[in-house]
Amino acid sequence: MSLRSRLAAEAVEFLHVGLLWLLVKPAFDPIDAAVSALPVSMTTQFWHSAVLAAVGVGVVRYYDPSWDLIRGFVVGVATTATFLSLSVFSGAERAADAGGSWGAFVATCACWFVALGVGVALAHPRTWRRFRAYFAA
């Protein structure tokens, strides 16, 4: 393999990982809401979700390098939609807006964990096969 083709392959891989990070990052944006729900006075820093998204992409690429961009998009969209609906209906968003508390922090984190589980489950191929089989029968 020539150096030029190796550099091209690495550049494409870097672009793929960067795009995957952009598509998965919305799944980690709720952690910023959880941090803002803390009763501790902190300056708002929006790097929490960016770092967690980078770690998440690294873990995904390590365990399953075949992850494509569509699966990343599904995780990001499904997690965001599920988190928003759970946080609004549970009232965690109002408690966080009222100054935050430990209960609001725990409720926001619980909503995020459930939403992330839904997003990852929807991106998993076996889940789609079961879903299609359920409605095909």
Side-chain angles (χ1 to χ4, degrees):
M1 179 178 258
S2 70
L3 180 62
R4 179 175 287 182
S5 62
R6 176 77 177 167
L7 286 174
E10 291 299 324
V12 168
E13 180 66 22
F14 181 75
L15 180 65
H16 183 263
V17 169
L19 287 173
L20 187 61
W21 178 81
L22 282 174
L23 293 172
V24 170
K25 187 180 175 306
F28 292 94
D29 284 342
I31 202 65
D32 292 330
V35 169
S36 67
L38 283 170
V40 181
S41 62
M42 292 176 51
T43 58
T44 306
Q45 299 173 342
F46 295 104
W47 57 268
H48 302 287
S49 63
V51 170
L52 281 176
V55 170
V57 168
V59 167
V60 163
R61 296 292 294 167
Y62 180 76
Y63 285 110
D64 188 7
S66 67
W67 256 58
D68 55 356
L69 298 178
I70 299 297
R71 288 171 72 181
F73 177 74
V74 168
V75 169
V77 169
T79 302
T80 301
T82 306
F83 173 77
L84 287 175
S85 62
L86 286 175
S87 66
V88 167
F89 290 126
S90 70
E93 146 183 306
R94 286 179 299 218
D97 291 341
S101 66
W102 288 107
F105 173 72
V106 169
T108 306
C109 285
C111 290
W112 177 58
F113 285 134
V114 169
L116 190 61
V118 168
V120 170
L122 286 177
H124 202 271
R126 276 186 264 163
T127 304
W128 284 108
R129 284 193 293 269
R130 288 180 188 149
F131 188 71
R132 284 193 306 259
Y134 176 76
F135 284 107

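Since the structure is predicted, the reported quantities are computational estimates derived from the model, not experimental observations.
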### Query
Any idea which heavy atoms bring Phe105 and Ala34 closest together, and the distance?
CD1-O, 3.0 Å

### Message
If I take atom OG from residue Ser49 and atom CD1 from residue Ile31, how far apart are they, to the nearest 0.5 angstrom?
### Response
9.0 Å

### Query
Considering all heavy atoms of both residues, which atom of Ala123 and which atom of Val75 are nearest to each other, and what is their separation?
CB-CG2, 3.4 Å

### Summary
Shortest non-hydrogen pair, Leu122 vs Ala78, comes out as CD1-CB, 3.8 Å

### Query
Can you find a heavy atom in the side chain of Val60 that is under 4.5 Å from one in the side chain of Arg71?
no

#### Entry: Flag side-chain contact, heavy atom, 4.5 Å: Lys25 against Leu22
no

### Query
Looking at CG of Asp32 and CH2 of Trp47, how far apart are the two atoms once the value is rounded to the nearest 0.5 Å?
10.0 Å

### Task
Using modelled atom types only, decide if a donor and an acceptor are shared between the side chain of Trp112 and the backbone of Ala27 within a distance under 3.5 Å.
yes

### Task
For the pair Ser85 (side chain) and Thr82 (backbone), establish whether a donor and an acceptor sit closer than 3.5 Å, ignoring hydrogens and angles.
yes

#### Entry: For His16 against Leu69, the heavy-atom pair lying closest together
O-CD2, 3.8 Å

### Task
Could you tell me the separation between the CZ atom of Phe73 and the CG atom of Leu23, rounded to the nearest 0.5 Å?
7.5 Å

### Value rounded to 0.5 Å, distance of CG in Leu7 from CZ in Phe14
13.5 Å

### Task
Please examine the side chains of His124 and Arg130, heavy atoms only from C-beta on, and report whether any two atoms are closer than 4.5 Å.
no

### Query
When clusters are formed by joining ILVMFWY residues with side-chain heavy atoms under 4.5 Å apart, either directly or through shared neighbours, do Val114 and Val88 land in the same one?
no

### Task
Please name the pair of heavy atoms, one in Trp102 and one in Leu38, separated by the smallest distance, quoted to 0.1 Å.
CZ3-CD2, 3.3 Å

### Query
In terms of hydrophobic clustering (I, L, V, M, F, W, Y; side-chain heavy atoms under 4.5 Å; direct or indirect links), are Val55 and Tyr62 co-clustered?
yes

### Task
Give the intermediate values and the outcome of side-chain contact (heavy atoms from CB on, under 4.5 Å) for residues Val57 and Val17.
CA-CA 8 Å; Val57 168; Val17 169; 4.0 Å; yes

### Task
Kindly give the heavy-atom pair with the smallest separation between Ala115 and Leu86, and that separation in Å.
N-CD1, 4.4 Å

#### Entry: Ser90 side chain reached by Cys111 side chain, heavy atoms, under 4.5 Å
yes

### Summary
To the nearest 0.5 Å, atom CG of Leu116 lies from atom CZ of Phe28 at 5.5 Å

### Message
Between Ser36 and Ala33 (side chain of the first, backbone of the second, donor and acceptor by atom type, cut-off under 3.5 Å), is there such a pair?
### Response
yes

### Thr79 (side chain) donor-acceptor with Gly76 (main chain) under 3.5 angstrom
no

